[in-house]
Amino acid sequence: MDACKICGNTVNNKPFQVREMMFGIRDEFEYVECGNCKCIYINKIPENLSGYYPSDYYSFQPQETSGATAEKKKAEPLSLNILLYNKKKYKHILKLHLCFKKIGLQKNDKVLDVGCGTGNLLLEMKEKGYTHLTGCDPFIHNNVIYDNGPAIYKKSIFEMEEKFDLIMMHHSFEHMDNSLEVMKKATALLNEKGHLLIRVPVANNYIFKKYGTNWIQLDAPRHFFIPSVKSMQILCDQSGLKLNNIIYDSEAFQIWGSKQYQMNIPLIDSRSYKSNPNQQLFFRWQIWGFKLMTWWLNATKKGDAACFIISKQQDF
Ligand SMILES: [Zn+2]
């Protein structure tokens, strides 16, 4: 077995099989948990990933954002993160209030959202008065340029050239294979006082220990790499960045989703809580219990997702 791509460890790396369960394809993939830094990575990326993004995957359209006069080009596909969002207005930006406050983000700061799909979060930020908004996502069909608003380019982070005050990755980092190169490129794109904000699933958490291969955030084979806190620290050290803060922001999804996989019920399924909140799988009081448990997991730094606040300046 290859060495861990983050820390180079070769001892006690544990392989395990994970099924594709978002769409219920149920193909199996080998993942590895590093015996040292505890990150989880797919052992071999499938050659043809498009089969794991079925056509109805693209039918999830971005929310309509009022006030944004959009010259949208048609049929933009979406990043996975959009799939997991609901339609509540300002849902995305509300979650980020504390993060933006911690880094002191100004309305005229230059912001880049990497892997932004068609830019729902950026549109919300525009409505809230942010003025310099850019996005990039190599999987959209075309550039998407909104009137007076975000410009979203069909590019990977490696094709971006401007400098930014804030670079964000909202559940896109785990879809990229070359995490260290991504971090180093982000470092090169940041202004001297710039910040990097990475929201990502976190390995070595309570839910993975409890549900194992049914942990919903493994999301085989679309998630190539799930860092632990230790692996994020290693990546920051190797990129010359400073890891300042970790805000756990996991949701009750971690529990009901993993329980569904345990019951062999895909995320996209008529029986799923995602498709039908009035489903028969969980009582309402159970869902409230999952939310309470999630609050506790986040408060005790054991949730399955977090926002890593990283700065370029070492003395931030
Ligand atoms: Zn490792």
Side-chain angles (χ1 to χ4, degrees), residues 1-20 28-46 49 80 114-115 156-158 167 169-188 196-250 254 258 297-298 300-312 314:
M1 193 178 304
D2 293 344
C4 170
K5 290 178 193 170
I6 305 304
C7 73
N9 175 59
T10 54
V11 182
N12 293 329
N13 291 348
K14 286 185 209 146
F16 55 98
Q17 300 292 314
V18 187
R19 296 184 301 166
E20 195 294 329
E28 291 200 353
F29 302 90
E30 186 173 86
Y31 278 70
V32 180
E33 184 188 37
C34 171
N36 174 41
C37 76
K38 301 291 180 189
C39 77
I40 294 171
Y41 52 93
I42 193 166
N43 205 18
K44 187 169 178 291
I45 295 170
L49 269 171
L80 189 69
V114 177
S156 79
I157 186 173
F158 297 102
I167 297 177
M169 297 178 204
H170 299 280
H171 291 273
S172 58
F173 191 54
E174 63 271 33
H175 296 261
M176 299 185 239
D177 179 37
N178 41 358
S179 28
L180 181 59
E181 286 75 22
V182 172
M183 293 280 271
K184 284 183 172 171
K185 176 64 184 180
T187 310
L196 177 60
L197 192 156
I198 299 182
R199 289 183 55 233
V200 71
V202 183
N204 200 25
N205 66 67
Y206 173 85
I207 295 291
F208 179 57
K209 283 173 189 157
K210 184 169 166 68
Y211 294 94
T213 61
N214 288 310
W215 175 33
I216 193 160
Q217 294 262 33
L218 289 170
D219 196 26
R222 290 165 292 268
H223 285 181
F224 296 162
F225 161 71
I226 301 175
S228 64
V229 170
K230 187 172 178 180
S231 34
M232 286 299 284
Q233 184 65 63
I234 292 170
L235 288 169
C236 287
D237 291 347
Q238 291 179 342
S239 311
L241 294 165
K242 186 181 174 200
L243 176 53
N244 295 300
N245 242 304
I246 305 169
I247 299 172
Y248 282 80
D249 62 358
S250 67
Q254 65 185 322
S258 303
L297 288 172
N298 286 335
T300 54
K301 303 181 190 298
K302 292 176 192 153
D304 81 342
C307 178
F308 291 81
I309 300 175
I310 297 160
S311 67
K312 190 161 177 175
Q314 293 294 322

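Computed from a predicted model, the values in this text were never measured in an experiment. Every number for a ligand or one of its atoms is a count from 1 in the order of the listing.
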Item to complete: Starting from the C-alpha separation in whole Å, work towards a yes-or-no answer on side-chain contact (heavy atoms from CB on, under 4.5 Å) for V114 and V182.
Response: CA-CA 10 Å; V114 177; V182 172; 6.0 Å; no

Worksheet, complete the sentence: Given a cut-off of 2.8 Å, the protein N, O or S atoms lying below it from the Zn ion (ligand 1) are C4 SG, C7 SG, C34 SG, C37 SG

Item to complete: Take V229 and K301, measure what side-chain contact (heavy atoms from CB on, under 4.5 Å) needs, and give me the verdict at the end.
Response: CA-CA 10 Å; V229 170; K301 303 181 190 298; over 6 Å; no

Discussion item. Checking F16 now: which residues fulfil ring pair (Phe, Tyr, Trp, His ring centres under 6.0 Å) with it, not counting sequence neighbours?
Written reply: F208

Worksheet item: So does Y31 have more than 12 non-hydrogen atoms from other groups sitting under 6.0 Å from OH?
Response: yes

Item to complete: Measure the shortest side-chain to side-chain distance between M183 and Q238 over non-hydrogen atoms and say whether it is less than 4.5 angstrom.
Response: no

Item to complete: With the side chain counted from C-beta on, respond yes when Y211 and L218 share a heavy-atom pair under 4.5 Å apart, and no when they do not.
Response: no

